[in-house]
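What follows is a single structure, written as structure tokens, with notes after it.
All heavy atoms count here, side chains included; hydrogens, waters and symmetry mates do not.
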Amino acid sequence: MPYAYQGPATVTVMALYVGQAPNELTTLELPIVLSNAGLGRARIEFGRYVLGPKDANVLRVVLPDGRLLHGPISDGRNDPLGGWLEFEVKEHELALDQPANLNGWKWV
């Protein structure tokens, strides 16, 4: 299969630096093509310019099934007619429901 996922995703481009407040911009339902870019790396391709903070260094992609992929941006291109970003992958499942055992914590 040439890609792992094709369709809309929530994409957040972040600038995370020690000693500075986090800066991030999120694009909802951005049409992407997600593919494997090698061991521990993923690549998204998109057909329009994606807004993000200056000196962005981290990408978060949330797929409609709740899968979350995030990590440091390693390479990319962002042009008015589209582009691509490669990033190191740390994959986690988003908890869409409350966990059964909250250990004293409450959802607000």
Side-chain angles (χ1 to χ4, degrees):
M1 180 165 68
Y3 55 86
Y5 171 79
Q6 181 174 9
T10 299
V11 176
T12 303
V13 181
M14 298 174 273
L16 301 177
Y17 294 96
V18 174
Q20 296 180 14
N23 188 5
E24 62 183 54
L25 287 169
T26 299
T27 303
L28 302 175
E29 298 189 12
L30 177 67
I32 66 164
V33 174
L34 172 69
S35 58
N36 183 343
L39 185 61
R41 295 169 50 99
R43 175 183 174 117
I44 64 166
E45 298 175 27
F46 37 89
R48 67 180 177 92
Y49 186 81
V50 175
L51 294 175
K54 183 179 180 193
D55 299 324
N57 62 347
V58 176
L59 185 68
R60 177 174 58 222
V61 178
V62 182
L63 302 179
D65 67 358
R67 183 165 299 142
L68 168 70
L69 300 138
H70 70 97
I73 297 170
S74 56
D75 200 2
R77 184 174 181 149
N78 191 16
D79 295 322
L81 297 178
W84 56 273
L85 289 169
E86 285 188 8
F87 60 107
E88 296 174 26
V89 178
K90 297 181 181 179
E91 187 176 337
H92 302 278
E93 295 293 328
L94 288 177
L96 300 178
D97 297 319
Q98 292 185 29
N101 183 359
L102 296 177
N103 292 328
W105 288 91
K106 294 181 182 178
W107 287 81
V108 291

Checklist entry - Can you check side-chain contact (heavy atoms from CB on, under 4.5 Å) on Leu34 and Glu45, steps first, answer last? => result CA-CA 7 Å; Leu34 172 69; Glu45 298 175 27; over 6 Å; no

Item to check | Distance (rounded to the nearest 0.5 Å) between Met14 CE and Asp55 CG | outcome: 15.0 Å

Is there a side-chain contact between [X] and [Y] (heavy atoms, below 4.5 Å)?
{"X": "Thr12", "Y": "Leu59", "result": "no"}
{"X": "Val61", "Y": "Ile44", "result": "yes"}
{"X": "Val13", "Y": "Val50", "result": "yes"}
{"X": "Trp84", "Y": "Ser35", "result": "no"}
{"X": "Asn23", "Y": "Tyr17", "result": "no"}
{"X": "Leu28", "Y": "Val11", "result": "no"}
{"X": "Phe46", "Y": "Leu85", "result": "yes"}
{"X": "Phe87", "Y": "Leu69", "result": "yes"}

Checklist entry - Going by the salt bridge (Lys or Arg N to Asp or Glu O under 4.0 Å) test, which pairs reach into residues 17-32, not counting sequence neighbours? => result Glu24-Arg60

Item to check | Nearest heavy-atom neighbours spanning Leu25 and Pro53 | outcome: CD1-N, 3.9 Å

Next on the checklist: So which atom in Ala9 and which in Ile32 form the shortest heavy-atom distance, rounded to 0.1 Å?
Outcome noted: CB-CD1, 3.7 Å

Checklist entry - Do Asp79 side-chain atoms and Leu81 backbone N/O form a donor-acceptor pair below 3.5 Å? => result no

Checklist entry - Where the side chain of Asn57 meets the backbone of Leu16, is there a donor-acceptor pair that is under 3.5 Å apart? => result yes

Checklist entry - Applying the 4.5 Å side-chain criterion to the ILVMFWY set and letting contacts propagate, would Leu63 and Val58 be lumped into a single cluster? => result no

Item to check | Listed partners of Glu86 passing side-chain hydrogen bond (donor to acceptor under 3.5 Å, both in side chains), at least two apart | outcome: Arg41, Arg43

